[in-house]
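Data block below; observations after.
Note that this is a predicted model, so its numbers are computed, not measured.
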Amino acid sequence: MTNFILATAGHVDHGKSSLVKALTGTDPDRLPEEKARGITIDLGFAELNLDGQRGEKFHIGIVDVPGHEDFVRNMIAGVGSIDLALLVVAADEGWMPQTEEHLQILIYLGVKHLIVALTKTDLEKIDKIIEQIREKLGDTEFANAKIVATSVRSGAGLDDLKSALAEELATLPLPRDIGKPRLFVDRAFTLRGIGTVTTGTLTGGTLRRGDSIFAQPNGPSAHIRSLQTHGRAVDAIGPGTRTAINLPDLKIGSDVKRGDVITNQRFESSATLDVLLTRSARLQRAVPIKSGSSAYVHHGTTRSVAKIIFAEAQSLAAGKSAVAQLRLNAPLLVFVGDRVIVRDASEQRTIAGGLVFNVDSTDFRQSRASALLATRAVAPNDIDLAVWVEIAHRGVIEPSRLLERSPFSADEIAKALRRLSDHGEIFLSENVGAKMLVWLDLRERAARLVDAAHKTHPELRGVELSELRAALNSISPAVFDTLIVDLCQSDFDRKGSIVARRSHTASLPPDLRFAAEKIRFALAQKPFDPPGRKELAQDRHQHKALRFLVEQGEIVEISEEIALLRQSLDQMQATVSNFISTNGPATASQLREKLGTSRRVAIPLLEYLDRIGVTQRSGDLRQLREPKSTVIARS
């Protein structure tokens with residue numbers, strides 16, 4: 001069984017609801033006011049099961065929309081996530097204003113499949129009306145759409161319409177499961193003993209009983225207690241399905257309401273959308289949309305007032321397209337590739353449709369960046385293009401978060417990244433992706449910084465990683481770590497917290513050689529009772545020289561205050577080991593006397609020998625740690 005969503009469209013009183021009832025047995029007009037007025041005011045729902053010619057089985061969720069001009073807002077809420085449109089035209093009236101507006105809305109929303117149901121054919125001759133419909137559809141991609149004559153009163157054509165629907169559905173791709181379920185809430189209500197229930201059309205993924213969900217853009221999280229589709233309880237529901245979700249933890253209004261989006265992961269909402277805005281050439285006497293004007297932007301089942309800012313043009317006439325930024329009064333959860341409908345500030349007319357190509361706030365004055373991102377609108381379903389544009393725009397990205405708000409799955413994005421990497425267009429690692437030219441530039445900058453440090457401080461083994469990262473303008477830890485790994489695959493080595501070019505050998509520059517000799521002499525004068533560190537490094541030159549001697553292993557720092565020549569330390573260690581081997585465990589005082597040194601040196605020395613595993617303290621005594629080697633661990 002394959003699930004699809006079908007929505008009706010067409011002028012008021014052309015028989016949409018009656019046709020749905022005749023096809024399904026369900027009256028989609030559920031509100032008392034709808035019964036009283038005889039027109040559809042809000043969305044209605046029904047289901048239809050059809051068999052295809054090749055044994056296919058289709059389960060169709062039908063969304064019946066209002067046709068009256070006062071309720072176009074509700075109509076848009078019903079057709080935002082559909083697979084097939086059923087455009088209803090009455091034979092006694094033919095093409096009418098709302099027929100035209102609904103068709104334009106369907107085109108703006110990117111609907112690709114449409115069937116025309118000609119109703120009330122028992123009242124009029126239909127040849128002229130069919131000719132009129134063909135003429136109206138002639139300049140659209142629905143020019144060859146099937147037109148099926150029907151009569152609810154006599155039942156004529158209903159089986160033909162079902163066959164036409166099944167035949168069209170057989171050509172449709174399956175609803176995509178990209179692991180990002182979104183349910184645009186079109187109803188939210190409370191049932192006694194049940195609690196809060198939300199309904200909508202599920203797209204993009206699967207929801208399961210017990211899942212954690214988020215009511216976005218601002219709502220809290222909750223757990224799904226139960227799921228239904230057309231009154232039947234199920235454990236899981238996939239895309240292309242009318243869905244009811246029981247969310248007893250949420251309150252109507254404050255937590256969840258019509259217009260919200262139910263998801264299984266938290267996404268950022270957007271207050272600014274970059275779109276390719278298009279106006280139909282079919283608009284009659286349309287006033288150009290001026291940059292800076294306000295309008296209503298409809299997305300999913302909600303809307304927001306927005307200011308329209310064009311990137312280059314000052315206005316947009318009928319039949320034209322332009323890159324624009326929609327600055328929303330209220331943030332919306334929107335994906336790249338989503339479609340929006342724009343209606344005028346009075347909500348009397350549909351004036352444009354938009355294809356979203358960027359959901360992150362950017363400086364719209366950067367026309368080059370905007371033009372680059374807008375190339376996605378040329379082929380919104382081309383994942384390689386979408387991924388490449390995002391990386392080209394940002395330079396460096398985190399692969400696991402790339403295009404989270406897009407119509408592509410994580411696996412599809414990962415495969416596109418690998419293809420671009422295989423072609424040499426991007427640098428790719430587990431945690432970082434980058435445009436190749438950007439990455440090569442970053443790597444070259446890092447190499448130049450290391451080389452410059454070697455030249456300035458030849459006495460050092462290399463550059464501290466923290467200093468290098470700061471010099472690179474504090475790039476993210478993931479990018480920096482990947483950069484160091486990449487550098488070390490060629491001409492660089494990392495040792496602890498230091499990175500250096502492999503060919504670099506630390507050496508004392510002439511201006512430090514005297515300072516180094518002075519330090520060596522001071523330590524050699526009193527090998528077992530050396531001067532403190534402050535005396536050894538009294539100025540900048542002595543400090544650098546001492547650091548060099550320590551890094552080279554010629555001097556060992558046994559504490560923050562005490563440094564010893566390597567040979568002096570070897571002798572002191574041997575003295576301690578020999579004394580304990582001959583006399584047994586010894587106190588610090590006994591060992592200090594044997595060494596002929598001060599407590600200032602003896603205690604740090606013994607603690608150092610403890611740390612490197614030569615001795616072991618037990619109370620006030622020191623004993624040899626067996627079977628540890630008596631060789632000093634050289635730093």
Side-chain angles (χ1 to χ4, degrees), residues 7-14 16 39-43 65-80 82 85 87-90 93-111 114 132-133 135-137 139-140 142 259 273 275-310 313-330 332 338-356:
T8 61
H11 198 76
V12 64
D13 202 31
H14 275 206
K16 294 186 295 298
I39 63 170
T40 300
I41 296 173
D42 205 350
L43 303 176
V65 307
H68 196 283
E69 62 180 344
D70 291 342
F71 306 112
V72 173
R73 174 186 176 185
N74 291 342
M75 178 269 177
I76 296 172
V79 297
I82 67 170
L87 183 63
V88 178
V89 182
E93 289 190 326
W95 201 269
M96 295 292 284
Q98 248 45 63
T99 314
E100 177 64 29
E101 184 172 19
H102 284 199
L103 176 68
Q104 290 181 22
I105 289 171
L106 293 173
I107 293 172
Y108 287 146
L109 289 174
V111 175
L114 178 143
Q132 180 194 42
I133 294 171
E135 180 183 353
K136 293 293 186 179
L137 295 178
D139 61 350
T140 75
F142 306 130
L273 304 175
V275 304
L276 180 65
L277 204 62
T278 299
R279 302 197 72 191
S280 173
R282 300 163 68 97
L283 292 171
Q284 298 178 0
R285 299 183 299 277
V287 176
I289 302 173
K290 294 183 179 180
S291 186
S293 61
S294 294
Y296 278 99
V297 172
H298 293 253
H299 174 260
T301 55
T302 192
R303 63 174 184 166
S304 174
V305 175
K307 181 175 287 188
I308 302 172
I309 307 295
F310 292 114
Q314 294 301 311
S315 63
L316 182 63
K320 303 296 183 179
S321 297
V323 172
Q325 188 169 81
L326 306 178
R327 299 175 183 176
L328 308 171
N329 281 6
L332 301 175
D338 281 359
R339 309 266 181 164
V340 297
I341 299 297
V342 181
R343 305 197 81 218
D344 66 8
S346 67
E347 283 214 284
Q348 296 299 307
R349 292 177 297 277
T350 299
I351 58 176
L355 175 63
V356 179

Worksheet item: Is L43 close to V65 at the side-chain level, that is, under 4.5 Å between some pair of heavy atoms?
Response: yes
Practice prompt. Please examine the side chains of D338 and H299, heavy atoms only from C-beta on, and report whether any two atoms are closer than 4.5 Å.
Written response: yes
Discussion item. Looking at every heavy atom in both G94 and T99, which two are closest together, and how far apart are they?
Written reply: O-OG1, 4.4 Å
Item to complete: Taking the side chain as every heavy atom from C-beta outward, state whether T350 and H298 have any pair of such atoms under 4.5 Å apart.
Response: no
Worksheet item: Yes or no on side chain to side chain contact (heavy atoms under 4.5 Å, CB included) for I76 and R343, after CA distance, side-chain angles and deciding distance?
Response: CA-CA 11 Å; I76 296 172; R343 305 197 81 218; 3.8 Å; yes
Worksheet item: Does some side-chain heavy atom of Q98 sit less than 4.5 Å from a side-chain heavy atom of V12?
Response: no
Worksheet item: Is there a donor in the side chain of E135 and an acceptor in the side chain of Q132, or the other way round, less than 3.5 Å apart?
Response: no
Discussion item. I'd like to know if E100 and R282 make a salt bridge, using a cut-off of under 4.0 Å between side-chain N and carboxylate O.
Written reply: yes
Worksheet item: If you look at every heavy atom in R279 and P288, which pair is closest and at what distance?
Response: NH1-CA, 3.6 Å
Worksheet item: Where do I309 and S291 come nearest, in terms of heavy atoms and distance?
Response: CA-OG, 3.7 Å
Worksheet item: Does some side-chain heavy atom of V89 sit less than 4.5 Å from a side-chain heavy atom of K136?
Response: no
Discussion item. Quick one, L103 and W95 - any side-chain contact, counting heavy atoms below 4.5 Å?
Written reply: yes
Item to complete: Could you check if a side-chain atom of L316 sits within less than 4.5 angstrom of a side-chain atom of I351, using non-hydrogen atoms only?
Response: no
Discussion item. In the structure I gave you, are the side-chain heavy atoms of L277 and V323 within less than 4.5 Å of one another anywhere?
Written reply: no
Item to complete: Over all heavy atoms of both residues, which pair between F310 and A322 is shortest? Give the atoms and the distance, please.
Response: CD2-CB, 4.1 Å
